[in-house]
Amino acid sequence: MEENNAAEKQLNFLEEIIESGLKDGTYTSIQTRFPPEPNGYLHIGHAKSICINFGLAKKYGGKTNLRFDDTNPVKEDTEYVDSIQEDIHWLGFDWAEKHYASDYFEQLYEWAELLIQKGLAYVDDQTLDQIREGRGTVTTPGKNSPYRDRSVEENLDLFRRMRAGEFPDGAKVLRAKIDMAHPNMMFRDPIMYRILHAHHHRTGDKWCIYPMYDYAHGQSDSIEHITHSICTLEFDIHRPLYDWFIEQLGIWPSHQYEFARLNINYTVMSKRKLLQLVKENYVTGWDDPRMPTICGFRRRGYTPESIKAFCDRIGVAKRDNIIDYSLLEFSLREHLNKVAQRRMAVLDPVKVVIDNYPEGQTEMLTAVNNPECEADGTRQVPFGRELWIEREDFMEVAPKKYFRMAIGQEVRLRYAYFVTAQSVEKDAEGNITCIHCTYDPATRGGDAPDGRKVKGTIHWAPDDVEEGHTFLENLNPNSLKVVTAKCEPSLGTQTSPSAQFPDGIERYQFERMGYFCSDRDSTPDHLVFNRTCTLKDSWAKIK
RNA sequence: UGUCCUAUGGUGUAAUGGUAGCACAUCAGAUUUUGGUUCUGCUUGUCUAGGUUCGAAUCCUGGUAGGACAACCA
């Protein structure tokens, strides 16, 4: 008990902040939010943020809102708002309230007029380049705009006319009046509104001025009484401005906290780059199984549980990090090992003939569905004189420590018999086309009554009259590899997915080969599986 | 030659002035009708130089290294 308490005491820095605020009465419950911009699909990095925001609220009995940060109509689309909601639900989270920053446009506008009246905002007529130049650099101060000292009346009039659509895009902006020499660039009269005659996915053509992130985010948090506005490190420098708007407006004070974003080695985690992969057709879509998007991982066969377990393991801190991809795979295998039923499929088949097995005979053998879950029971697999094994499971001459099939080396065909290879047939190029074996009828099921052992057990698939009716889409990190495989018939007859997978995606372990899931392109006549990941392979290291 | 953030094994993450722990990875062994799973064990770490203290990963100062900020993006 004490040990458990000690373990629970190991809090991340956000949990510490929350607990101390709860303890000193700063707030009695917490409110978080997940604030995606609907300009792309969610990726594994967003999963971390989702787990933090929803997870923290759940842990401390608070609530989490979903808020679309839709302040830039030219990049946003309803396709993205739909996919984002689907992905959050698939991960197993649900929001207390759903909002859009665009719901607050009117309020934001009124607050902008208030700031103008307080002499804290002005309309600037400078061009984009002039503004950029006037801002200075990180090491040199900026210069005041010649329009900086317009009267409150003139600013109000101009701003209203901006809203009324009297000016073209880029003609004017509304700026906060702070300090053009401030060492934090964010304070050098940041732009609050720009003119954009663009159709918004929710507000249509109602507006032609749109607020900038810095002018919208904190106030949106404030409106929703977000106690902990959690974002990534690059917004750290925005926090003083976030606080400034809230203070000048005198509104409910939300507070922002920053954590280090997720990086995974070998993994592209930039929305912009992922968009490019899709737009330029390097991949088949946002849900291409090679994409690190949530829908990509879903199609690839990852489970929500494994992604959440991963997010749990990586922790939350403020230092930059690069997580080993192997940690993601570990979390995946950990879950799938427990719940995925086993099947046998031969991805790179070579023919085997058991010469002393009666011609024309077939028999049914019993195979365990999941050794990790007895309740999953068993299934029957047809066995006959001719069958298929993996090409890499045979060598004419076995090197040291090679325990698979070789001439004269007895191996077990899983759940079937001990067999010994005797000879091979080859084609003109010298490729093996058929392996001739003998079997020991006394070893039915895979055990020898005389107690003798074999070093290796290999999987196999029965000979199939319908040539190549099963396909496998086999995923490599950098390429799409499609192979035609042989598999046991039970795979084709599966009609209802395991209760373990409420998302309706069938997932299996193909013994000794890896975890695979049915692809949405799969049909009863033409099964398509995606390889989710391989099994750990200690033989590959020995080789 | 600015402001801010960060620095603990290979990778992450704890230790909140008192024995540097956990996970992944790696390596070795045991078990195994999956070279899977499971189990056991090993190796590897406080950026640096001072200071405070009985005692510093932790507090202070300087250095070094990495990162963020100069969109009318979020």
Side-chain angles (χ1 to χ4, degrees), chain A residues 6-7 9-12 16 35-37 39 69-72 74-76 101 124 127-128 131-133 135-142 169-175 182-188 191-196 210 212-214 216-217 231-240 258 260 265 271-272 313-331 333-334 337-338 342 344 367-368 371-372 401-404 412-416 418 443 445-447 453-459 509-514 534-543:
Chain A
K9 276 280 193 302
Q10 293 190 354
L11 307 173
N12 67 48
E16 282 177 7
E37 184 191 13
N39 67 345
D69 222 338
D70 54 352
T71 57
N72 186 5
V74 302
K75 286 188 177 173
E76 295 153 8
D124 195 346
T127 64
L128 196 156
I131 289 175
R132 186 174 296 161
E133 200 171 328
R135 191 152 30 219
T137 72
V138 288
T139 52
T140 59
D169 288 3
K172 288 176 170 31
V173 292
L174 183 71
R175 290 231 252 175
H182 202 284
N184 181 343
M185 299 290 291
M186 290 296 150
F187 274 132
R188 320 249 261 227
I191 293 172
M192 294 164 59
Y193 273 92
R194 75 284 214 191
I195 299 171
L196 238 38
Y210 290 92
M212 300 288 288
Y213 168 86
D214 285 302
H217 201 91
C231 61
T232 47
L233 245 33
E234 65 266 32
F235 291 98
D236 172 287
I237 200 160
H238 295 244
R239 180 165 19 88
E258 311 86 20
N265 45 14
K271 251 178 159 180
R272 188 181 57 77
R313 278 191 176 95
I314 58 178
V316 182
K318 295 193 76 158
R319 62 190 97 103
D320 293 331
N321 62 84
I322 302 174
I323 308 286
D324 270 352
Y325 196 89
S326 62
L327 189 61
L328 220 203
E329 292 203 320
F330 171 81
S331 302
R333 291 187 182 118
E334 174 187 52
N337 176 53
K338 291 270 186 296
R342 273 59 176 183
M344 291 193 292
V368 173
E372 305 288 321
K401 289 198 175 176
Y402 184 83
F403 303 140
R404 283 115 100 142
R412 175 189 294 112
L413 292 176
R414 179 134 233 232
Y415 298 126
F418 285 10
T443 57
D447 276 311
K453 303 286 184 196
V454 287
K455 279 287 196 47
T457 299
I458 63 175
H459 64 281
Q509 181 195 108
F510 291 166
E511 296 214 28
R512 306 206 308 131
M513 300 311 290
T534 62
L535 261 27
K536 280 179 73 175
D537 188 357
S538 53
W539 166 243
K541 290 173 189 163
I542 296 169
K543 272 195 300 189

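Naming convention: chains lettered A, B, ... in sequence-line order (proteins, then strands); numbering from 1 in each chain.
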Candidate pair A:Arg404 and A:Trp539, rule side-chain contact (heavy atoms from CB on, under 4.5 Å), full reasoning: CA-CA 11 Å; A:Arg404 283 115 100 142; A:Trp539 166 243; 3.0 Å; yes
For the CD atom of A:Glu258 and the CG atom of A:Asp236, what is their distance to the nearest 0.5 Å? 4.5 Å
Taking B:C27 as the reference, what is the distance to B:U61 when you measure between their C1' atoms (whole Å, please)? 43 Å
Using a 4.0 Å heavy-atom cut-off across all strands, classify A:Ile542 as base, sugar-phosphate, or nothing. base
A:Glu372 side chain, from C-beta outward: closest of B:C69, B:G36, B:A25: B:G36
Under 4.0 Å between a side-chain N/O of A:Arg135 and OP1 or OP2 of B:A71, yes or no? yes
A:Asn72, nearest nucleotide to its side chain (from B:G67, B:A74, B:U13): B:A74
Please work out if A:Leu327 contacts a base, only the sugar-phosphate, or nothing of the nucleic acid, heavy-atom cut-off 4.0 Å. sugar-phosphate
Using side-chain heavy atoms (C-beta onward) and a distance below 4.5 Å, is A:Ile323 in contact with A:Leu328? no
If you go through the side-chain atoms of A:His238, does one of them form a donor-acceptor pair with the base of B:A74 closer than 3.5 Å? yes
Using a cut-off of strictly less than 4.0 Å, decide whether A:Lys271 has a side-chain nitrogen or oxygen near OP1 or OP2 of B:C73. no
If I take atom NE2 from residue A:His238 and atom CE from residue A:Met186, how far apart are they, to the nearest 0.5 angstrom? 3.5 Å
From A:Met212 atom CE to A:Arg194 atom CZ, the distance as rounded to the nearest 0.5 Å: 5.0 Å
Rounded P spacing from B:A56 to B:U52 in Å: 11 Å
Could you measure between the two C1' atoms, the one in B:U3 and the one in B:C73, and give it in whole Å? 22 Å
Which value, in whole Å, describes the distance between the C1' atoms of nucleotides B:G21 and B:U46? 13 Å
Verify, without hydrogens or angle tests, whether A:Asp124 (side chain) and A:Val173 (backbone) share a donor-acceptor contact under 3.5 angstrom. no
Looking across every strand, which nucleic acid part, if any, lies under 4.0 Å from A:Ile323 by heavy atom: base, sugar-phosphate, or nothing? sugar-phosphate
Rounded to whole angstrom, note down the P distance from B:U43 over to B:G10. 15 Å
Touch class at under 4.0 angstrom, heavy-atom based, for A:Arg512 against every strand present: base
Heavy atoms under 4.0 Å, any strand shown: does A:Met513 hit a base, just sugar-phosphate, or nothing? nothing
Heavy atoms under 4.0 Å, any strand shown: does A:Arg319 hit a base, just sugar-phosphate, or nothing? base
So A:Val74, base contact, sugar-phosphate only, or nothing? Heavy-atom distance under 4.0 Å. nothing
Have a look at A:Pro371 and say if it touches a base, only the backbone sugar-phosphate, or nothing, with a 4.0 Å heavy-atom cut-off. base
A:Asp447 near the nucleic acid: base, sugar-phosphate alone, or nothing, with a heavy-atom cut-off under 4.0 Å? base
Remember a base hit wins even if backbone is also touched, and classify A:Met212 as base, sugar-phosphate or nothing at under 4.0 Å, heavy atoms. sugar-phosphate
Side-chain atoms of A:Gln10 come closest, of B:A68, B:A74, B:G21, to B:G21
Can you say whether a donor on the side chain of A:Arg333 sits under 3.5 Å from an acceptor on the base of B:U37, or the other way round? no
Considering only side-chain heavy atoms of A:Asp324, which listed nucleotide, B:U37, B:A23, B:G10, is closest? B:G10
Distance from A:Asp537 atom CG to A:Arg512 atom CZ, nearest 0.5 Å? 9.0 Å
Quantified in whole Å, what is the P atom distance between nucleotide B:C42 and nucleotide B:U6? 35 Å
Is A:Arg132 close enough to B:A71 that one of its side-chain N or O atoms is under 4.0 Å from OP1 or OP2 there? yes
Should the pair A:Glu329-A:Arg333 be classified as a salt bridge under the 4.0 Å nitrogen-to-oxygen rule? yes
What form does the base of B:A57 take, syn (within 90° of 0) or anti? anti
So what does A:Ser326 hit on the nucleic acid, given a heavy-atom distance under 4.0 Å: a base, only sugar-phosphate, or nothing? sugar-phosphate
By nearest atom, which of the nucleotides B:A74, B:U34, B:G35 is closest to the A:Arg414 side chain? B:U34
Report yes if at least one side-chain N or O of A:Thr137 is closer than 4.0 Å to OP1 or OP2 of B:G2; otherwise report no. no
Nearest-angstrom distance, C1' atom, B:G18 to B:G55: 7 Å
Which part of the nucleic acid, if any, lies within contact of A:Arg239, taking any heavy atom under 4.0 Å across all strands shown: a base, the sugar-phosphate backbone alone, or nothing? nothing
Any chance you could encode RNA chain B as dot-bracket? Rule is Watson-Crick or G-U wobble with both distances under 3.5 Å; [ ] for pairs crossing earlier ones, | for another strand. .((((((..((((....[..))))..((((.......)))).....(((((..]....))))))))))).....
A:Trp539 stacking on B:G35: centroids under 5.5 Å, ring planes under 30°? yes
Check every strand shown and say whether A:Phe403 touches a base, only sugar-phosphate, or nothing at a heavy-atom separation below 4.0 Å. base
Looking only at atom P, what distance separates B:U64 and B:U26, rounded to whole Å? 38 Å
Pick base, sugar-phosphate or nothing for A:Thr140, based on heavy-atom distances below 4.0 Å to the nucleic acid. nothing
Nucleotide nearest A:Ile131 when distance is taken to its side chain, options B:G35, B:C72, B:C73: B:C72
Where the side chain of A:Val138 is defined as all heavy atoms beyond and including C-beta, which of B:A74, B:U6, B:A70 is the nearest nucleotide? B:A70
Atom CD1 of A:Ile322 with >12 non-hydrogen neighbours under 6.0 angstrom: no
When you check the phosphate oxygens OP1 and OP2 of B:C27, does a side-chain N or O of A:Lys541 lie under 4.0 Å from one of them? yes
Heavy-atom check, side chain of A:Asn184 versus side chain of A:Ile237, under 4.5 Å: yes
